[in-house]
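A quick note: this is a predicted structure, and the numbers were derived from the prediction, not measured.
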Amino acid sequence: MRSQSFVITGMTCANCVNTVSKTLNQSDKIVEATVNLATEKAKIVADDSLTDQEIINLVEKAGYGAIVNDKAHQEKIARQAARKARNLSLSFWISLILTLPLVVAMFADIFGVHANWVMFLHEPLLQLILASPVQFIVGWRFYVGAYHALRNKSANMDVLVALGTSVAYFSSLILAVFMGQKNALNFESSMVIITLVVMGKLLENNAKEKTTQAITGLMSSRASVVHTESADLAIEEVEMGQVIRILPGEKVPLDAIILSGKASFDESILTGESLPVVKMDDEIVFEGTINLDGEVKAVVVHDLNDSTISRMVEMMSEAQGSKPNIQKLADKISGIFVPIVLAIALVTFVATWAVSGILLTAIMHAVAVLVIACPCALGLATPTAIISGTGLAAKNGLLIKNANALELAGLVDTIFFDKTGTITTGEFELTDFKLLTENEKITDRTESIKSKMLTDEFKILASLEAHSNHPLAKSLKFSGDFYDLTDLSELAGRGLSAKINGQEYFAGNDKLMTDFNLSVPETEDTVIYLADKEKLLAMAIFSSSLKEDSVDTIRALQKRGIKTVMLTGDNANSAEKIQELIHLDEIKSGLRPEEKAEIVQSTPNSMMVGDGINDAIALASATVGLAMATGSDIAMEAGDVTVIGGQLHKISTFFEVAKKTISKIKQNYFWAFVYNIIGIPLAAFGLLNPMLAAAAMSLSSVSVILNSLLLTKAKIKSVD
């Protein structure tokens, strides 16, 4: 199987989406086709044997166009978008210029102006000359769309507009131009409808561009020039493994690991956090972040196509193109909505003609019903809110890959946490140092650690471990002067040995101590032992350090009524120590990856939060999977949401973003339906003429988009 995205051209409403989606999903070789009106894209999962051209042929068969959405076609896609915007703008201005004289004449009549020029503008032949280009040149798009929709046994907005304007145009042509009944002139209705619909499309197109500003902003945050050791290169020319220099005040051009130097980096573009982060040797710096001070030398670990920003853009695009379950209801409604509207328009026409006996009045009422019922707003309600919601999430350090996660978040009542790298930092801190050659009475553990770090035994241990790359060794953080070592030897899988002033010492795990027939105290703690050949001297005890926001995050989630559970492969003693600090509702220790997944899968409405490869199955099994970006790529691939920077309090941020996004979708549906529920009866009873109906229809689409755009300005409170 393979997944490919396509840009779909020619869609105008929710029914167009249904037509394309239905055509694609009818193919035996296509597993799933998700079509999005707001992004005008289709994401297709299909058999490898189905070529891109065959997929394009299927879309064209449905009456629309398709362009492969990949790097090779970006220029073509950009040209297509520019051409569409240019054509819309040109069509609108042509239509407006030709329509204005008739609108002026109409208002002149209303205000009792009967000058010669007004009478001239009411000449049927003149109105026919002005109306025909609008109807058949500017409005040709509606005829084409209607033809393809009807050919595919469906009805869309184009059918309503084409039918409504054609009735107004041809009734005027027959009754006024051919039969001389000037009171039957209704050309301005068809012209104003087309002008307003095209204007609405132009406004929609401009508004859609604004909804993708989050992606545009990410792309613009890239550096254009990269300083290598030998020359300055364009970012596209830099490859993995090249050594680059990042100067103070510059953006990090590509993901890289620092080789030398130390600097503070503004990572707010990724995490939303304003406080800078200090980075030094062996630490990764991310593309788009800013070096605030100090020059560093670093080696590139991701090229441009696989960099942080590229992956963020890809995930955001996927989320914006994905369709939440709440959209499926709207899709079903829109599929039967247009036929119902056609039936209502027919009933309106027959009933009005029967009651009034005036054919022209019946036509006007039917046209108004057809025009106001165009389901543009319905098709835009969900995708525009999803685009704005994913943009808001990105601003707050969250990448949403699957839009369903936004809807499903409201169902979550249990959150499972991995321990290492999720609740804890994944690093260790020294919590105790015991001298084993004397009895100790520890009254204050913090002070005892500080005092014992001044002992000779600690200095010996630190001197040996300074030559180790083990994570525990790096956690000793000794700031004094080290002893000079001789005969340093690394004992694979056990520890180190060396001589200090002629005396041999050993530092390592319990296996190393056993090698020298030294007994060690029973403990489930994480320990480094220090010994000489005769006796055990000391033991340094470590524990995983909690993330700073762990306690507050767990408390905030519990206040929401969410059950918190830790799933860890570590031993019970290690898990219980964490539990003592953060007070989760439940802990489960000693679990294998598949056991984590079984627990998560058997719990409905669950969220899994993790960062490691061993969490990937559980992340994929949960109702919502939330992965820490500080962990493995596999975990991020398995999750529905990625937390850039790994801050735990972003879970609460996600819930807030999800709540606001779903609320916005519901608001959009409310307004979309309210326009139709109120507007259709008004039009049917003649209280809305076709021109006002067209204005109301356009306003409904624009209002939905503007309402969605308000979401990008929302303020998020992450931790209660």
Original post:
Checking Asn509 side chain against Leu512 main chain: does a donor-acceptor pair fall under 3.5 Å?
Top reply: yes
Subject >> Test side chain to side chain contact (heavy atoms under 4.5 Å, CB included) applied to Ile528 and Glu465, step by step >> reply: CA-CA 10 Å; Ile528 297 178; Glu465 294 299 329; 3.8 Å; yes
Original post:
With Asp413, which residues qualify under side-chain hydrogen bond (donor to acceptor under 3.5 Å, both in side chains), at least two apart?
Top reply: none
Original post:
Is it true that atom CG of Asp481 has more than 12 heavy atoms of other residues, nucleotides or ligands lying nearer than 6.0 Å?
Top reply: no
Original post:
Would a distance-only check, ignoring hydrogens and angles, find a side-chain to backbone donor-acceptor pair under 3.5 Å from Thr603 to Ile599?
Top reply: yes
**OP:** Ignoring hydrogens and angles, tell me if any N or O in the side chain of Asp640 forms a donor-acceptor pair with the backbone of Ala405 under 3.5 Å.
**Re:** no
Original post:
Sequence neighbours excluded, which residues qualify as salt bridge (charged side-chain N to carboxylate O under 4.0 Å, His left out) partners of Glu576?
Top reply: none
Subject >> For Lys588, salt bridge (charged side-chain N to carboxylate O under 4.0 Å, His left out) partners two or more places apart >> reply: Glu586
**OP:** Taking the side chain as every heavy atom from C-beta outward, state whether Val609 and Phe416 have any pair of such atoms under 4.5 Å apart.
**Re:** no
Subject >> Cation-aromatic face contact Lys459/Tyr483, 6.0 Å, 45 degrees >> reply: yes
**OP:** Would you sort out whether Ile578 and Lys419 count as a side chain to side chain contact (heavy atoms under 4.5 Å, CB included), showing the intermediate values?
**Re:** CA-CA 8 Å; Ile578 297 297; Lys419 181 176 81 72; 3.7 Å; yes
Original post:
Between Thr425 (side chain) and Lys547 (backbone), is there a donor-acceptor pair under 3.5 Å?
Top reply: no
Subject >> Pairwise distance NZ(Lys577) to CD1(Ile587) - rounded to 0.5 angstrom >> reply: 13.0 Å
Subject >> For Leu392 against Ala714, the heavy-atom pair lying closest together >> reply: CD1-O, 3.5 Å
**OP:** Please answer whether the main-chain N or O of Ala231 pairs with a side-chain N or O of Thr228 as donor and acceptor at a distance below 3.5 Å.
**Re:** yes
Subject >> Asp418 to Gly610 - nearest heavy-atom pair and separation >> reply: CB-CA, 3.9 Å
Original post:
Are any non-hydrogen side-chain atoms of Met566 and Ile423 less than 4.5 angstrom apart?
Top reply: yes
Original post:
For Glu229, what residues pass the side chain to side chain contact (heavy atoms under 4.5 Å, CB included) criterion, not counting sequence neighbours?
Top reply: Val243, Lys297
**OP:** Not counting sequence neighbours, which residues clear side-chain hydrogen bond (donor to acceptor under 3.5 Å, both in side chains) with Asn605? List them please.
**Re:** none
Original post:
side chain to side chain contact (heavy atoms under 4.5 Å, CB included) with Ile290: which residues, sequence neighbours excluded?
Top reply: Lys251, Asp266, Leu292
Subject >> Listed partners of Phe506 passing ring pair (Phe, Tyr, Trp, His ring centres under 6.0 Å), at least two apart >> reply: Phe516
**OP:** Of all the heavy-atom pairs spanning Ser589 and Ala575, show the shortest one and how long it is.
**Re:** CB-CB, 4.0 Å
Subject >> Aromatic ring pairing Phe458/Phe433, orientation class (parallel under 30°, perpendicular over 60°, tilted between) >> reply: perpendicular
Original post:
So, does Lys650 use its side chain to make a donor-acceptor pair with the main chain of Thr642 at under 3.5 Å?
Top reply: no
Subject >> Ionic contact status for Lys262 with Asp281, cut-off 4.0 Å >> reply: no
Subject >> All side chain to side chain contact (heavy atoms under 4.5 Å, CB included) counterparts of Thr564, not counting sequence neighbours >> reply: Phe417, Ile554, Leu557, Gln558, Leu584, Asp585
Original post:
NZ/Lys499 to CG/Leu485 distance, rounded to the nearest 0.5 angstrom?
Top reply: 12.5 Å
Subject >> Separation of Ile662 CD1 from Lys659 NZ (nearest 0.5 Å) >> reply: 12.5 Å
Subject >> Contacts of type salt bridge (charged side-chain N to carboxylate O under 4.0 Å, His left out), residue Glu580, not counting sequence neighbours >> reply: none
Original post:
Does the pair Tyr505 and Leu496 meet the rule for a side chain to side chain contact (heavy atoms under 4.5 Å, CB included), with working shown?
Top reply: CA-CA 8 Å; Tyr505 294 96; Leu496 298 166; over 6 Å; no
**OP:** Any chance you could measure Leu567, atom CG, to Glu598, atom CD, to the nearest 0.5 Å?
**Re:** 11.5 Å
Original post:
Atom CG in Leu530, atom OG in Ser463: separation rounded to 0.5 Å?
Top reply: 10.0 Å
Original post:
In chain order, what residues pass the side chain to side chain contact (heavy atoms under 4.5 Å, CB included) check against Val300, with sequence neighbours excluded?
Top reply: Val238, Ile244, Leu254
Original post:
Do you know the tightest heavy-atom contact between Leu581 and Val551?
Top reply: O-CG2, 3.8 Å
**OP:** Would you indicate whether the side-chain heavy atoms of Ser621 and Met608 approach each other to under 4.5 Å?
**Re:** no
**OP:** Side-chain contact test, heavy atoms from C-beta onward, threshold under 4.5 Å: evaluate it for Phe542 versus Val527 and give yes or no.
**Re:** no
Original post:
Just wondering, are more than 12 heavy atoms of other shown residues or ligands nearer than 6.0 Å to CG in Asp232?
Top reply: yes
**OP:** Count the heavy atoms belonging to other residues, nucleotides or ligands that lie under 6.0 Å from CD of Gln503, then report whether that count exceeds 12.
**Re:** yes
Original post:
Are any of the side-chain heavy atoms of Asp532 and Glu504 separated by less than 4.5 Å?
Top reply: no
**OP:** Looking only at non-hydrogen atoms, find the nearest pair between Thr661 and Gly389 and report the distance.
**Re:** OG1-CA, 3.5 Å
Original post:
Do His302 and Glu287 have a side chain donor and acceptor closer than 3.5 Å?
Top reply: no
Original post:
Do Leu399 and Val641 have side-chain heavy atoms sitting under 4.5 Å apart?
Top reply: no
Subject >> Chi angles and distances behind the side chain to side chain contact (heavy atoms under 4.5 Å, CB included) call for Leu247, Asn291 >> reply: CA-CA 7 Å; Leu247 305 179; Asn291 181 355; 5.7 Å; no
Subject >> Nearest atoms (heavy-atom pairs only) where Thr623 meets Pro604 >> reply: OG1-C, 4.3 Å
**OP:** Measure the CE-CG distance between Met607 and Leu626 for me, rounded to the nearest 0.5 Å.
**Re:** 5.5 Å
Original post:
Counting N and O atoms only, with roles assigned by atom type, does the side chain of Asp549 sit under 3.5 Å from a partner on the main chain of Leu648, one being a donor and the other an acceptor?
Top reply: yes
**OP:** With the side chain counted from C-beta on, respond yes when Val624 and Phe654 share a heavy-atom pair under 4.5 Å apart, and no when they do not.
**Re:** yes
Subject >> All side-chain hydrogen bond (donor to acceptor under 3.5 Å, both in side chains) counterparts of Asp487, not counting sequence neighbours >> reply: none
**OP:** Go through the structure and list residues passing side-chain hydrogen bond (donor to acceptor under 3.5 Å, both in side chains) with Glu548, not counting sequence neighbours.
**Re:** none
**OP:** Check whether any side-chain heavy atom of Leu406 lies under 4.5 Å from a side-chain heavy atom of Val657, and answer yes or no.
**Re:** yes
Subject >> Any donor-acceptor pair under 3.5 Å from Glu237 side chain to Ala234 backbone >> reply: yes
